[in-house]
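Below, chain A is the first sequence line, B the second, and so on; all start at residue 1. Note that the structure is a prediction, hence the values are computed from the model and not measured.
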Number of protein chains: 2
Amino acid sequence: MEKGLSGARMQDIANEAGINKALVHYYFRCKEKLFEVIFKEAASKLFPRIVAIVNEEIPLFDKIRNFTRQYLEVVIENPYLPMFVLNEMHKQPHAFHAKMFGNNPPDFSKLARQIDEEYQQGIIKAVNPAHLIMNMMSMCVFPFIGKPMIQEVMKIDDLQFRYLMEQRKTEIANFIIDSIKK
Amino acid sequence: MEKGLSGARMQDIANEAGINKALVHYYFRCKEKLFEVIFKEAASKLFPRIVAIVNEEIPLFDKIRNFTRQYLEVVIENPYLPMFVLNEMHKQPHAFHAKMFGNNPPDFSKLARQIDEEYQQGIIKAVNPAHLIMNMMSMCVFPFIGKPMIQEVMKIDDLQFRYLMEQRKTEIANFIIDSIKK
DNA sequence: GTTTAGTTTAACCATTTGGTTAATGCAAAG
DNA sequence: CTTTGCATTAACCAAATGGTTAAACTAAAC
């Protein structure tokens with residue numbers, strides 16, 4: 001997950017695991033199979049929980065608070081996940097269309113409908129659901145992808161970075177709600 | 001830039017350029033040197049303009065509108081840039097600390113001060129500059145990193161995606177300003 | 001026409017790398 | 001104790017890959 005599919009060496013993986021390289025092949029056959037296992041494991045850490053939250057039957061603001069909090073909790077504990085998943089998706093876009101979501105593709109249409117409804121009820125301003133969802137995802141995920149750059153620019157160490165991310169659990173939700181509430 | 005340092009093959013690069021592989025070495029010596037040239041070229045497309053906008057002497061809201069518009073213009077024309085730069089930074093964090101910014105490191109302290117000032121003047125709410133800047137960057141960059149995923153989830157093609165990104169030139173600024181204005 | 005200096009290529013080379021194999025280890029079952 | 005079936009390893013292999021070299025090409029300078 002650190003080096004990516006093409007950057008990782010089977011020998012290094014074996015070393016890291018403290019076993020012989022042949023044993024890696026014994027269990028996983030080939031690099032691609034191993035990659036697939038790792039990738040699915042990573043993706044399944046990220047997506048199912050999100051889909052669940054998005055489809056809960058709760059008010060929009062609560063949903064936003066839940067989503068950002070829970071998403072950040074996952075990613076804080078697995079900071080390599082976003083870069084790994086997105087990077088590999090980027091390099092082989094077609095390979096994942098159905099592969100990774102399986103029979104449970106994330107469906108934001110319900111959330112989009114909810115956003116429209118709460119607008120009708122005068123709770124929020126008129127907002128484009130597509131952009132709202134993108135904004136929410138962006139603010140949750142990006143800091144972990146840009147971590148090295150952020151740390152360099154802000155001149156902060158890992159601990160300070162983690163503290164910032166803990167803050168974001170509530171910061172992002174407040175930021176979004178402040179923007180869209182009427 | 002599509003495949004990354006470890007994923008790209010010198011032969012493929014030569015093929016793509018329609019020349020002999022030895023010629024690539026003739027001009028660039030080795031893969032790392034070629035990478036360095038490409039990386040610096042990519043980074044210099046992204047950062048200098050941003051730094052300039054951030055340090056202009058204009059009101060915060062105008063600055064936010066300028067930043068998001070110009071950033072998106074660069075990235076819409078070079079959609080591979082963010083993933084490439086961030087991915088390679090991720091894989092060799094130390095190698096870029098000074099290397100890529102050279103003697104002109106981006107300095108957001110002035111912007112942070114401006115945010116504080118405009119809060120004192122009652123123009124905006126109390127906001128943490130670090131998070132505000134991260135949010136702004138996130139919303140500009142992330143969609144291009146998550147493009148394959150976004151297209152899959154939203155079921156949209158390249159043209160529709162581009163249209164969404166054109167919208168974001170103003171959407172993001174409005175979203176931010178709505179959130180922080182008093 | 002010859003020289004000269006830069007450009008381009010096919011053929012080659014050494015190393016790396018994913019992958020295989022045959023032998024050995026080992027613990028539970030008989 | 002022997003057998004049995006999986007686990008583990010050292011040694012090995014073929015292909016891929018970054019890199020080199022010597023020869024050929026080209027166009028401008030003389």
Side-chain angles (χ1 to χ4, degrees), chain A residues 1-45 78-100 102 148, chain B residues 1-45 78-100 102 148:
Chain A
M1 287 177 47
E2 265 180 66
K3 305 284 187 66
L5 172 57
S6 62
R9 296 293 95 107
M10 292 301 272
Q11 185 63 60
D12 296 341
I13 292 169
N15 291 347
E16 196 78 17
I19 59 175
N20 188 283
K21 178 169 65 104
L23 198 53
V24 183
H25 282 94
Y26 177 73
Y27 281 117
F28 297 96
R29 290 185 78 94
C30 69
K31 201 185 183 188
E32 267 67 34
K33 295 274 185 198
L34 170 56
F35 169 77
E36 208 170 300
V37 171
I38 301 295
F39 185 86
K40 280 186 176 164
E41 196 179 303
S44 72
K45 265 188 191 165
N78 305 274
Y80 279 111
L81 240 54
M83 191 46 134
F84 174 68
V85 172
L86 291 171
N87 188 33
E88 300 302 336
M89 272 185 100
H90 216 243
K91 278 173 192 161
Q92 346 183 358
H94 11 274
F96 299 106
H97 273 210
K99 194 175 189 175
M100 100 177 224
Chain B
M1 287 176 47
E2 265 180 67
K3 306 281 189 67
L5 172 57
S6 62
R9 297 292 97 108
M10 293 300 272
Q11 186 62 60
D12 295 341
I13 292 169
N15 291 347
E16 197 79 17
I19 59 176
N20 188 284
K21 177 169 67 106
L23 198 54
V24 183
H25 283 94
Y26 176 74
Y27 281 117
F28 297 97
R29 289 185 79 92
C30 68
K31 201 185 183 186
E32 266 67 34
K33 295 273 185 199
L34 169 57
F35 170 76
E36 208 169 301
V37 171
I38 299 295
F39 186 86
K40 279 187 176 162
E41 197 179 302
S44 73
K45 265 188 192 166
N78 306 274
Y80 279 111
L81 240 55
M83 190 48 131
F84 174 67
V85 172
L86 291 171
N87 187 33
E88 300 302 335
M89 272 184 100
H90 217 243
K91 278 174 194 162
Q92 346 184 356
H94 10 274
F96 299 106
H97 272 211
K99 194 174 189 175
M100 101 177 225

Nearest non-hydrogen partners of [X] and [Y], listed with the distance:
X	Y	answer
B:L81	B:A42	CD2-O, 3.7 Å
B:M10	B:V24	CE-CG1, 3.8 Å
B:K91	A:K3	CE-O, 3.2 Å
A:I38	A:M1	CG2-CG, 3.8 Å

Please report, rounded to the nearest Å, how far the [atom2] atom of [N] is from the [atom1] atom of [X].
X	N	atom1	atom2	answer
A:N20	C:dG18	CG	C1'	13 Å
A:I13	C:dG19	CD1	P	10 Å
B:Q11	C:dA10	CD	P	10 Å
A:N15	C:dG18	CG	P	12 Å
A:K31	C:dT17	NZ	C1'	8 Å
A:L23	C:dT24	CG	C1'	14 Å

Give me the ring orientation class for B:Y80 and A:H90: parallel if the planes are under 30° apart, tilted from 30 to 60°, perpendicular past 60°. perpendicular

When the ring planes of B:F84 and B:F35 are compared, do they come out parallel, tilted or perpendicular, using 30° and 60° as the limits?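 Perpendicular, since the angle between the ring planes exceeds 60°.
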
Does A:K21 contact C:dG19 through a side-chain donor or acceptor facing the base, at a distance under 3.5 Å? yes

Donor-acceptor contact present, side-chain A:K31 to main-chain A:L5, <3.5 Å: yes

Give one of base, sugar-phosphate or nothing for B:Y27, where a contact means two heavy atoms less than 4.0 Å apart.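 It contacts sugar-phosphate atoms only.
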
Categorize A:A14 for me: base, sugar-phosphate, or nothing, with a 4.0 angstrom heavy-atom threshold over every strand shown. nothing

Does C:dT9 have OP1 or OP2 under 4.0 Å away from a side-chain N or O of B:Y26?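 Looking at the OP1 and OP2 atoms of C:dT9, neither is under 4.0 Å from any side-chain N or O of B:Y26.
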
N or O in side chain of A:R9 less than 4.0 angstrom from C:dG18 OP1/OP2: yes

Chain B contact limits on DNA chain D, taken 5' to 3' with a cut-off of 4.0 angstrom to heavy atoms: D:dT17 to D:dT21

